[in-house]
Amino acid sequence: MALYSEKVMDHFRNPRNVGTIENADGIGEVGNAKCGDIMKIYLKIDNDIITDVKFETFGCGSAIASSSMATELIKGKPVSEALALTNRAVVEALDGLPPHKMHCSVLAEEAIKSAVKDYYDKNGIDYDHKLFPDCEHCAHCCGD
């Protein structure tokens, strides 16, 4: 049995939505150099719809595939749906990740939430602070 699914390999070899967005409405960066995985997500939002999303990821193949899939899952969707995206949904869409790589899908979820929080903060939009766990130091995967 292969360690990685065909979808993981496809998104690693042919990542979607790579790059930056100038004047992005929201930018989120998560990860830790100690872990080796750092993700940055850029959002363009119009009338509460994510019209464009790009990412830059420094990390392993699972991190790149998770970023790519996560951007595909939220592009064209309302912000509320992006906030509801879970790491489990990313993993399912990739047809699975090895247990020791699950933290990559968690980082993708957190990067999106961080970008949405940035968008809310920049625009003075009220939000429930419980929606945005503070994970700047990646304690769930690095033990910091």
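Throughout, numbering of the chain's residues begins at 1 and tracks the sequence.
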Establish whether [X] and [Y] are linked, either directly or via other cluster members, by ILVMFWY side-chain heavy-atom contacts under 4.5 Å.
| X | Y | value |
| --- | --- | --- |
| M69 | V18 | yes |
| I125 | I49 | no |
| F58 | V8 | no |

Solution key, residues 82-102 side-chain donor-acceptor pairs under 3.5 Å, sequence neighbours excluded:
unit_1, atom_1, unit_2, atom_2, d
T86, OG1, R88, N, 3.4
T86, OG1, A89, N, 3.1
N87, ND2, S105, OG, 3.3

Give me the atom names and distance for the closest heavy-atom approach of [X] to [Y].
| X | Y | answer |
| --- | --- | --- |
| A111 | M39 | CB-CB, 4.2 Å |
| I64 | P15 | CG2-CB, 4.0 Å |
| V53 | K75 | CG1-CB, 3.9 Å |
| S68 | R16 | OG-N, 2.9 Å |
| I50 | I74 | CB-O, 3.8 Å |

What I'd like to find out is whether the side chain of [X] reaches to under 4.5 Å of the side chain of [Y], using heavy atoms alone.
| X | Y | answer |
| --- | --- | --- |
| T57 | D37 | no |
| T51 | K44 | yes |
| K122 | D25 | no |
| I38 | E29 | yes |
| T20 | E56 | yes |
| I27 | L43 | no |
| F12 | S62 | no |

Within this structure, what is the [atom1]-[atom2] distance for the pair [X] and [Y], rounded to the nearest 0.5 Å?
| X | Y | atom1 | atom2 | result |
| --- | --- | --- | --- | --- |
| Y4 | H11 | OH | NE2 | 15.5 Å |
| S66 | H103 | OG | NE2 | 9.0 Å |
| T71 | N17 | OG1 | CG | 3.5 Å |
| I45 | N47 | CD1 | CG | 11.0 Å |

### Query
Does the side chain of E22 come under 3.5 Å of the side chain of Y42 through a donor N or O and an acceptor N or O?
no
### Any donor-acceptor pair under 3.5 Å from S114 side chain to E110 backbone
no
### Query
Are F132 and Y127 close enough that their ring centers fall under 6.0 Å?
yes
### Message
Is it true that, when you exclude N123 itself, more than 12 heavy atoms of the residues, nucleotides or ligands shown sit nearer than 6.0 Å to its CG?
### Response
yes
